[in-house]
**Q** 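I am attaching a structure below and will ask some questions about it afterwards.
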Amino acid sequence: MGFCSFVVGKKMKLDMSRRVRQKREHSWGEKTNISSETLDCGSLASATISGVDWTTLPDDSVIQLLSYLNYRDRASLASTCQTFRLLSGGFCRDITDVALSVIVARHEMLESVHFGPDACERISSDAIKALAYCCPRLRRLWMPGVKEINGDAINALAEHCRKLKDVGFVESDNIDEVALGNLNSVKFLLVSRTRNLKWGSAAQVLSRLPCMVCLDISRTDVNLSAITRFLSSSQNLKVLCALNCPVFEGEVDSNTMQSHKGRVLLTFLNGNFKGVTSLFTDNSKNVTDVLQYWRRTKNRDKNLDEIVVWIEWVFSYSLLRIDENNLKELDDFWLTQGAAVLLSLLRSSQEEVQERAATAVASFVVIDDENATVDCQRAEAILRGDGIRLLLDLARSCQEGLQSEAVKAIANLSIDSKVAKAVAESGGINILANLAKSMNRLVAEEAAGGLLNLSVGDYHKAGGIKALVDLIFKWSSNTDGLLEHATGALANLGADEKCSMEVAVAGGIHALAMLARTCKFEGVQEQAARALANLAAHGDSNSNNAAIGQEAGALEALVQEAAGALWNLSFDDKNREAIAAAGGVEALV
């Protein structure tokens, strides 16, 4: 039950509200001959069937193949295959202790439990204890926003989940830092944005964890003494991530912070890529994108692979959260480092990382969502880094969450005229038009928003019109955001004479008149009336005028729109005088 979020962007106004959409789930789609060894270990990780290692297939291909199974067969697969023993519940902000306890009680083979990025506000330490008792095979646990995680819950994990190696207790109000020192099996630990930690105690117990390789303390009030202890005393620590920590806003000697041999400190101060580069012993110091360099390297070290995958995950999550706060003091960071990191994360092989990076791109370019204003320097930094091609490639994914985030990023970036031109020249209009046909309403809405933004300039004077008209007929009148995007785009395109004829041929006049007559949403009615007005503005050069006059409700919509505009203007004394002088009163009568 995976869920994710995306933000709708449009040219008239950027709506930065979050929405919920459902991801597809993994399943298996064909009977095959699997060796007894594979069945014994409960994993397909080492199985090669007819010479093919199925686990090396891209996620998109696996999802497409496994979508043919019914839910019963998917459940059977999940109970026998280690690859699918995970519980993903992003944006399940309403899940309770009882619900989670019931789930884990029935799935004792779970190895991965991941919630977020929304806060788990209704989950308490009691549910974490139930999870520990029921799922002894647990390897990965990620729970953001749990208000309090007490010692009993953490100790239960330490006692019953002996294979637990990846823990994320982020954005919590209180965590028993002493109990964290009992998680002896954990290699990767995240406590980013956790408040009220006693850093003296935390540094003392966490630095003694025998297996801990990576620690994320980003966006916390950690002090310099604790950081020094982590770097000097931890047994096996390789990476300490401390992004956007106030301690580094003062006078800190960056050379001192980097002087602990064999350990990497990642901060905004020393540059993210520069820090990651020090993990490698070869000539990676000469490359600008060390993450991409690592992805292309053959015969990679397995332990280092785990670390870099974790770094990608932490970067994508932290940058998304930091970006949401839109801090003025980080303007320089986004131009000098942040844009490059986001571009690299868009190239990740992890879909969750790609999705969060796309979301962050869509958000970090926006200065003022109410007035649809973007930072042109940031937008063009993405353009120069080949970001448009990357986002268009992600938009072609069959994973609907990734589609939505990529399209929303394209839509917001396209407010910049240079980016809009690049999107159009790269075939983006056809990609968006195809996505507008999606059966997923939220994907279709994002695609319509992208076409709306592109319809403002001179770059979009063909393509996508039929898809926009079809959207109006396809979706019911209660989908106001989608319909407002579609009608707004048609209104913009209708101002062009050639496009206005294409709109009419595609059935746009009938669709717009129907909305103007029946839709209950004021924004949709206004856009439909504006579209009809633009279609009729070309005089005798085409037959749109006559066609609009013959459509039931079309003329009434135009009259009401004009009258409504005069009514709104008349609240100002000077406007009232100007309206009367221009003959507006007689016209209204």
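Here the structure is a predicted model, which means the values were calculated and not measured.
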**Q** Between V222 and I227, does a side-chain contact (heavy atoms from CB on, under 4.5 Å) hold up when you go through it step by step?
**A** CA-CA 7 Å; V222 64; I227 290 176; 3.9 Å; yes

**Q** Do E446 and L435 make a side-chain contact, defined as non-hydrogen atoms from C-beta onward lying under 4.5 Å apart?
**A**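 The answer is no; the side chains never approach within 4.5 Å.
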
**Q** Do the side chains of R396 and D393 get close enough for a salt bridge, i.e. N-O under 4.0 angstrom?
**A**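 The answer is yes: the pair qualifies as a salt bridge.
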
**Q** Among all residues two or more places apart in sequence or in another chain, which pass the salt bridge (Lys or Arg N to Asp or Glu O under 4.0 Å) test with D152?
**A**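 Scan of D152 (salt bridge (Lys or Arg N to Asp or Glu O under 4.0 Å), adjacent residues dropped) gives none.
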
**Q** If we only count heavy atoms from C-beta on, is the C245 to F268 side-chain gap below 4.5 Å?
**A**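 No, side chains not in contact.
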
**Q** Starting at CD of E352, measure out to CG of L402 and round the result to the nearest 0.5 Å.
**A**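 It is 10.0 Å, given to the nearest 0.5 Å.
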
**Q** Let me see the working for I154 and N182 under side-chain contact (heavy atoms from CB on, under 4.5 Å), right down to the final yes or no.
**A** CA-CA 8 Å; I154 297 173; N182 296 325; 5.6 Å; no

**Q** Go through the steps for L237 and V213 under the test side-chain contact (heavy atoms from CB on, under 4.5 Å), then give the verdict.
**A** CA-CA 4 Å; L237 186 69; V213 174; over 6 Å; no

**Q** Any ion pair linking K147 and D173 (charged N to carboxylate O, less than 4.0 Å)?
**A** no

**Q** About how many Å separate CG of L320 and CZ of F315, when rounded to the nearest 0.5 Å?
**A**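 The distance works out to 14.5 Å.
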
**Q** Would you check if there is a donor-acceptor pair between the side chains of Q399 and E355 at a distance under 3.5 Å?
**A**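 Yes.
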
**Q** List the steps, then state whether side chain to side chain donor-acceptor pair (under 3.5 Å) holds for S348 with E312.
**A** CA-CA 8 Å; S348 172; E312 282 193 331; 2.9 Å; yes

**Q** Can any side-chain N or O of W142 pair as donor or acceptor with the backbone N or O of F115 at less than 3.5 Å?
**A**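 Checked: pair present.
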
**Q** If you look only at distance, which donor and acceptor atoms sit under 3.5 Å apart when one is on a side chain in residues 184-192 and the other is two or more places apart or in another chain?
**A**
unit_1	atom_1	unit_2	atom_2	d
S185	OG	L164	O	2.5
K187	NZ	E306	OE1	2.7
S192	OG	D216	OD2	3.4

**Q** What's the spacing between Q354 CD and S316 OG if we round to 0.5 Å?
**A**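 Taking CD in Q354 and OG in S316, the distance rounds to 10.5 Å.
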
**Q** Between CZ of R195 and CD of E171, what distance do you get to the nearest 0.5 Å?
**A** 7.0 Å

**Q** What pair of heavy atoms forms the shortest contact from I128 to F169, and how long is it?
**A** CD1-CE2, 4.4 Å

**Q** Just wondering, do L240 and L266 contact through their side chains at under 4.5 Å, heavy atoms?
**A**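 With C-beta onward as the side chain, the pair stays apart.
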
**Q** Would D176 and N150 satisfy side chain to side chain donor-acceptor pair (under 3.5 Å), going step by step from the backbone distance to the final call?
**A** CA-CA 5 Å; D176 188 324; N150 62 32; over 6 Å; no

**Q** Decide whether a cation-pi geometry holds between R140 and W310; the criteria are a distance under 6.0 Å from NZ or CZ to the six-membered ring centre and an angle within 45° of the ring axis.
**A**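 So R140 doesn't make the cation-pi contact.
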
**Q** Can I get a per-line list of side-chain donor-acceptor pairs under 3.5 Å for residues 201-212, giving both atom names and the distance, sequence neighbours left out?
**A**
unit_1	atom_1	unit_2	atom_2	d
S207	OG	A203	O	2.7
S207	OG	Q204	O	3.1

**Q** Using side-chain heavy atoms (C-beta onward) and a distance below 4.5 Å, is V309 in contact with W294?
**A**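 In short, these two side chains touch, coming nearer than 4.5 Å.
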
**Q** Test side-chain contact (heavy atoms from CB on, under 4.5 Å) on L265 and F248; report intermediate values, then the result.
**A** CA-CA 12 Å; L265 175 64; F248 294 109; 3.9 Å; yes

**Q** Side-chain contact test, heavy atoms from C-beta onward, threshold under 4.5 Å: evaluate it for P144 versus C120 and give yes or no.
**A** yes

**Q** So do the side chains of L279 and I307 get within less than 4.5 Å of each other, counting heavy atoms only?
**A** yes

**Q** Should the ring pair W199 and F230 be called parallel, tilted or perpendicular, given that the plane angle runs from 0 to 90° and is split at 30 and 60?
**A**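 Geometry flag for F230 against W199: perpendicular rings.
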
**Q** Could you tell me which non-hydrogen atom of D323 sits nearest to which non-hydrogen atom of S363, and how far apart they are?
**A**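 It is OD2-CB, 2.9 Å.
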
**Q** So which pairs with a foot in residues 121-132 pass salt bridge (charged side-chain N to carboxylate O under 4.0 Å, His left out), sequence neighbours left out?
**A**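 Found D126-K129.
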
**Q** For the residue pair I367 and V374, establish whether any side-chain heavy-atom pair is separated by less than 4.5 Å.
**A** no

**Q** Nearest heavy-atom pair of S344 and L291: which atoms, and what distance?
**A**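 Distance-wise, the nearest heavy atoms are OG-CB, 3.3 Å.
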
**Q** Within the side chain of T96, is there an N or O that forms a donor-acceptor pair under 3.5 Å with the backbone of A99?
**A** yes

**Q** For residues T220 and I217, report the shortest heavy-atom separation together with the two atoms involved.
**A**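 Minimum heavy-atom separation between T220 and I217: OG1-O, 2.7 Å.
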
**Q** Quick check against the 3.5 Å criterion: does S438 have a side-chain atom that pairs as donor or acceptor with the backbone of N440?
**A** yes

**Q** Sequence neighbours excluded, which residues qualify as salt bridge (Lys or Arg N to Asp or Glu O under 4.0 Å) partners of R229?
**A**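 Here no residue qualifies.
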
**Q** What's the separation between atom CG in L243 and atom CZ in R193, rounded to the nearest 0.5 Å?
**A**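 Answer rounded to 0.5 Å: 14.0 Å.
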
**Q** Minimum heavy-atom separation for A358 to L346, with atom names?
**A**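 Here A358 and L346 meet closest at N-CD2, 3.7 Å.
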
**Q** Closest heavy-atom contact between E111 and R137?
**A** CG-O, 3.7 Å

**Q** Could you note down all residue pairs passing side-chain hydrogen bond (donor to acceptor under 3.5 Å, both in side chains) where residues 97-108 supplies at least one of them, sequence neighbours left out?
**A**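 Every pair satisfying side-chain hydrogen bond (donor to acceptor under 3.5 Å, both in side chains) with a residue in residues 97-108: D97-S124.
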
**Q** To the nearest 0.5 angstrom, please state how far the SG atom of C214 sits from the NZ atom of K238.
**A** 10.0 Å

**Q** Any side-chain heavy atom of L482 sitting closer than 4.5 Å to one from D480?
**A**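 The answer is no, as the side chains (C-beta and beyond) never meet within the 4.5 Å cut-off.
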
